[in-house]
Amino acid sequence: MRSTAADPTSRSTGSTRSFATTGYAACALAALWLAYLGVLQWSVVRFRFPIVLTLTVAAVGLGVWLWRRTEIRSAPPWLVPFVLLASVAITWAVPLFSYLRGGSLTAALTVLTVVGVGAAGLLAAPTAARSRAAYLLAVVGHVVTAAIATIGDPAPKIDVWVTLQQASDALARGENFYDMNWTNSPGIQDAFTYLPWTTVLLAPGRWIGGDVRWAIAFWSVVLFAGIWALAKPRPGDEPGSACATALRATIPVTVLVVAPGTLTQIDQAWTEPLLAAGLVWWAVLVRRGHAWWAIVPLALACASKQHLALLLPLLLLWRPFGARRAVATGALTGVLIAPWFLASPSDFVHDTITLLVGFHPIKFANTWYLWFLNEHGITLPFWITGLVVVGALGVAAWAIHRRQPGVGELLRWFAFLLLAANLVNKQAFYNQYWLSAALVAISLAVPARAQDNDVPDLTSAQRAGSARPTTAS
């Protein structure tokens, strides 16, 4: 087992240890990954207490991982192929919700199977070339799956797709989509519940290809490209081979592409890949020393969906980004959404805030809020759910302020905070939980000992003075 260098700021912040590990932690992570995504596939559209319990266990496991600062540096050679093959098996065996039928459904599942089995074979004895081939197979496979779903189900019966399609049309006409009613929506009919840049960034899919899901597929590819960029070593990272670099990128991408429930997410036009793309490119730019430019993808993500605002307090306390950039991100987000707010403040506030706060609980949201409501008829008061979210935010903020972690650990804190908020929400579904899983997967792409490189505001002398030696035992 190897003992790694501590964070360069640890002497001043009080963070004293980071742990390295053998394959045991990797196996635990793999088991939680499969259980977490497996029950999420099952969760659409049903509520079951075992689903809530499994998601909670995963959140606790993530919390323990963060608290102990365990670093997963190695894994048994069979583990990644096993995860990929198990993901394929779960996708076929667990009830899968999709509007695809017949040949389209079979074709989509077949493509996912080819990706999972093919990537497992390539990564069973990985080389740099085989890892790159598995990465390419996964990216192409995802695009093909998205194409099958989009063509095979041209009009999914979900309000998300309807509102995104019609909001894109309204944007092309120069109309305000916050004061519109939707035609033939099976759910919400008089509100656009996303922030406006969801439409701006997805509308080209509608304008060019007739369906916003083409744009979601595009942003998924942007996400995968960001993971590849994030995996590349920077000065100060632990030396590694070309194979190791390719594996760091390939493993997160392949497990995300074949993750149980992926086909449902594509079919339903859920937009979380857009948010993940913004966050990964924020991480890439920060690691490359372009923290001010990193504001742009982060602000675009924040201007697309409301709950990413939870992440800004954490970034206020993380010195490599800092208060000035966090405030600038909030300001740029405000500028980006201002045209729609100024066009009709009442409609904007109603659609993006008031409606969601007062929206009725949806019975198949697998959260503790719905468990109390479905099983015991108890409606939790808002202050209890708020207490959980504020508590998770407080723990994450304290840890980040004290430790000043690297980008990889910070992404896991993002995942933990969003996961805790989802567990007490009244409207959390597969897509919201998927984002937390994606952030964990993305964090694994960050090269080891990235902390030195993650603190661009420290001078070389400060970094040299605070670095600790690496020892072997």
Could you check if a side-chain atom of [X] sits within less than 4.5 angstrom of a side-chain atom of [Y], using non-hydrogen atoms only?
| X | Y | answer |
| --- | --- | --- |
| Thr367 | Leu423 | no |
| Leu34 | Ile90 | yes |
| Leu55 | Val39 | yes |
| Trp214 | Val143 | no |
| Trp42 | Leu96 | no |
| Val389 | Val424 | yes |
| Ile442 | Leu279 | no |
| Leu356 | Gln427 | yes |

Backbone of [Y] reached by a side-chain donor or acceptor of [X] within 3.5 Å:
| X | Y | value |
| --- | --- | --- |
| Thr250 | Leu247 | no |
| Arg325 | Pro320 | yes |
| Trp207 | Ser168 | yes |
| Gln268 | Pro156 | no |
| Asn422 | Gln432 | yes |
| Thr198 | Ser304 | yes |
| Gln41 | Thr262 | no |
| Thr56 | Val52 | yes |
| Tyr99 | Lys157 | yes |
| Gln404 | Arg319 | yes |

Using 30° and 60° as the class boundaries, would you call the ring planes of Trp282 and Phe321 parallel, tilted or perpendicular? perpendicular
In sequence, state the C-alpha distance, the side-chain angles, and the governing distance for Phe348 and Tyr178, and then conclude on ring-ring contact (aromatic ring centres under 6.0 Å, His included). CA-CA 6 Å; Phe348 182 88; Tyr178 286 105; 5.0 Å; yes
Spatial distance of atom [atom1] ([X]) from atom [atom2] ([Y]) [nearest 0.5 Å]:
| X | Y | atom1 | atom2 | result |
| --- | --- | --- | --- | --- |
| Arg248 | Ser131 | CZ | OG | 11.0 Å |
| Arg288 | Trp281 | CZ | CH2 | 6.0 Å |
| Leu171 | Thr199 | CG | OG1 | 7.0 Å |
| Gln265 | Phe97 | CD | CZ | 14.0 Å |
| Arg412 | Leu444 | CZ | CG | 6.5 Å |
| Thr329 | Leu298 | OG1 | CG | 4.5 Å |

Non-hydrogen atoms of [X] and [Y] that approach each other most closely:
| X | Y | answer |
| --- | --- | --- |
| Leu314 | Ala397 | CD2-N, 3.6 Å |
| Lys305 | Leu275 | CD-CD1, 3.7 Å |
| Val257 | Leu112 | O-CD2, 3.6 Å |
| Gly226 | Val284 | O-CG2, 3.4 Å |
| Ile148 | Leu100 | O-CD2, 4.1 Å |
| Leu263 | Ala149 | CD1-CB, 4.3 Å |

Step through it carefully: locate the ring centre of Tyr36, locate the ring centre of Trp434, and say whether they are under 6.0 Å apart.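 No, the ring centres sit 6.0 Å or more apart.
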Could you check Asn431 against Glu272 for side chain to side chain donor-acceptor pair (under 3.5 Å), going step by step and ending with a plain yes or no? CA-CA 6 Å; Asn431 50 314; Glu272 271 61 27; 3.1 Å; yes
Before you tell me yes or no, could you show the steps for Phe49 and Trp368 under ring-ring contact (aromatic ring centres under 6.0 Å, His included), namely the whole-Å CA-CA distance, both residues' side-chain angles and the distance that decides it to 0.1 Å? CA-CA 9 Å; Phe49 176 68; Trp368 286 105; 5.8 Å; yes
Check against side chain to side chain contact (heavy atoms under 4.5 Å, CB included), Arg213 and Asp267: CA-CA 8 Å; Arg213 287 175 292 178; Asp267 188 25; 3.4 Å; yes
Do Thr113 and Trp92 get their side chains close enough for a donor-acceptor pair, meaning under 3.5 Å? yes
Please lay out, stage by stage, how Phe364 and Val44 fare under the test side chain to side chain contact (heavy atoms under 4.5 Å, CB included). CA-CA 8 Å; Phe364 49 83; Val44 188; over 6 Å; no
Working for side chain to side chain contact (heavy atoms under 4.5 Å, CB included), residues Val88 and Leu84: CA-CA 6 Å; Val88 171; Leu84 295 172; 5.9 Å; no
Does Arg206 come within less than 4.0 Å of Asp211, counting only side-chain N to carboxylate O?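 The answer is no: the pair does not qualify as a salt bridge.
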Would you call Arg287 and Asp237 a salt bridge, taking side-chain N to carboxylate O under 4.0 Å as the test? yes
Taking atom CH2 as the centre, does Trp293 end up with more than 12 heavy-atom neighbours from other residues, nucleotides or ligands that are less than 6.0 angstrom away?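 Not more than 12 within 6.0 Å, no.
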Go through Tyr135 and Thr254 one step at a time and tell me if the side chain to side chain contact (heavy atoms under 4.5 Å, CB included) criterion holds. CA-CA 7 Å; Tyr135 173 90; Thr254 53; 5.9 Å; no
